[in-house]
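What follows is a short report on a single structure.
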Amino acid sequence: MSSKSTGLRQWRQRFSALFQDHEIFVRTRGHVRFLRVSALWQKRVALIGGLVLVAWAGITAAVFINQLLTANERAEVAAQQAAAAASEARIAQYRDRVGEIAADLDERQAQLEDWQRSYFGADAVPGEAGEAAPQADAAQPAVETSAIDPRLPPEAQILARIAARQEALSARLLAAVNERAAKAETAVAALGLDPKTLVRNAASGRGGPFIPVRDRDARGKALGPAFAALEGALFRMEVLERTLVAAPSGNPANVLMMSSGFGHRRDPFTGASAMHAGLDFRGPVGTPILAAAPGRVSFVGRKAGYGNVIEVDHGQGMMTRYAHLSGFTTKVGTQVTAGQQIAKMGSTGRSTGSHLHFEVRLNGVAVNPRRFLEAKADVLEVKNDARQRVGALAAHRGAR
Ligand SMILES: [Zn+2]
């Protein structure tokens, strides 16, 4: 305490030492006066000057601080506004996203329903029992609802549930398609055809006029991998079923007797061994000749050796040829059904008597027609199913 007061006293002494009484002599026109400036006055002036300085510094600082604060406030308000704008943008983005997801779901649903109607018609898709009403049902959690994130906002959860149900429906549809395709595949293989080659040829556009147009709308791929897989499976199923329908298993003439087998035999004219590319059916001249499968008449006319010939293109690379005819009952370009009369039996060309020479060609190569004509009942049953389905598909596409 004492040291502090002595320190203060010392400062005061130093301060007082700065101000000492001054006497100033002023001479004006011979008169000499003297002005006395006391230390007290000097101190007062110095004090006032000091105070003015301090006041000015204070005001300047206040103005400066005020400016700083205002700038800070402005920045803060701007930051708040930016945050609000960002949040609004986020909300708008989320709304857009919900709209987008809903539109996607809608498109997928339309595609699924279209496929289901086109390929299954009135048939329910297997495994659909109890799932008929596609309404959200809390009492019956239909599909993997556990996969839905509970942190999602309510509207997003609704969409997620719809998406999950849709996935389940497309999985059931895929299973049903694969099951049907497997049946058709077995039947196609039983006819001696190679299902893999058929599907591959069709996919590369070499299957003839009856191949389904793949990706006709290119929608499946755009709707994601599950839909692309479903579209691929539907394509495969359709190719196999159409092949079954196109397989020439109908009798080309209502005569039972086959007078000549397929393969090497003695030529009836030269006696030499020759390849016989078809089957012969013996019958009276004028016997109706029937299309062995539905297709388009691709040739009507004469060919060396065959005499009067008619050819029908069945698609999937399959063609039938009917030779030695006495007349035709159809023209090139006509769509014919299985069993429809296309010509009359005769003995034109290299023929020893009235008969039908019947050939089946697969991608231009003659194959034994017996494997089609003698198809087993189970194969014919699958074929019959396929015929109805392909017919319904054509009707559906025609109506669209
Ligand atoms: Zn023949």
Side-chain angles (χ1 to χ4, degrees), residues 190-194 208 243 245-332 334 336-376 379-380 383:
L191 292 175
L193 300 169
D194 179 23
T243 301
V245 174
S249 54
N251 252 335
N254 283 323
V255 287
L256 292 173
M257 187 64 183
M258 288 180 207
S259 57
S260 250
F262 178 87
H264 288 280
R265 64 164 191 184
R266 194 170 287 276
D267 185 288
F269 286 90
T270 63
S273 181
M275 172 67 188
H276 187 231
L279 291 178
D280 290 344
F281 295 76
R282 206 173 286 267
V285 172
T287 302
I289 302 301
L290 316 171
R296 191 182 67 87
V297 176
S298 54
F299 181 87
V300 174
R302 292 187 69 85
K303 274 188 179 175
Y306 289 105
N308 288 328
V309 181
I310 194 162
E311 289 175 358
V312 180
D313 184 348
H314 305 286
Q316 329 309 355
M318 283 184 286
M319 184 266 267
T320 48
R321 178 178 288 163
Y322 313 77
H324 309 309
L325 307 168
S326 62
F328 308 110
T329 61
T330 186
K331 311 181 287 206
V332 170
T334 307
V336 293
T337 58
Q340 182 179 332
Q341 186 180 355
I342 50 175
K344 292 172 188 165
M345 198 180 281
S347 188
T348 54
R350 267 164 55 101
S351 171
T352 52
S354 175
H355 80 286
L356 167 72
H357 171 85
F358 175 62
E359 280 181 19
V360 174
R361 285 182 180 262
L362 188 60
N363 298 315
V365 179
V367 295
N368 193 345
R370 273 183 190 273
R371 66 191 195 192
F372 297 109
L373 296 178
E374 295 171 0
K376 298 236 164 53
V379 172
L380 290 177
K383 182 183 159 99

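One-based numbering along the sequence shown. For ligands, and for the atoms within them, numbers begin at 1 and follow the listed sequence.
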Strictly under 2.8 Å, is any N, O or S atom of H276 next to the Zn ion (ligand 1)?
yes

So, 2.8 Å as the limit: is an N/O/S atom of H355 located closer than that to the Zn ion (ligand 1)?
no

Pair V367, F372 - check side-chain contact (heavy atoms from CB on, under 4.5 Å), show working.
CA-CA 10 Å; V367 295; F372 297 109; 3.9 Å; yes

Which residues satisfy the salt bridge (charged side-chain N to carboxylate O under 4.0 Å, His left out) test with R371, sequence neighbours excluded?
none

For Y306, enumerate each residue passing the ring pair (Phe, Tyr, Trp, His ring centres under 6.0 Å) test, keeping only those at least two apart in sequence or located in another chain.
H357

The Zn ion (ligand 1) - closest N/O/S atom in H357:
ND1

To the Zn ion (ligand 1), the closest N, O or S atom belonging to D280 is OD1

To the nearest 0.5 Å, tell me how far F281 CZ sits from L373 CG.
5.0 Å

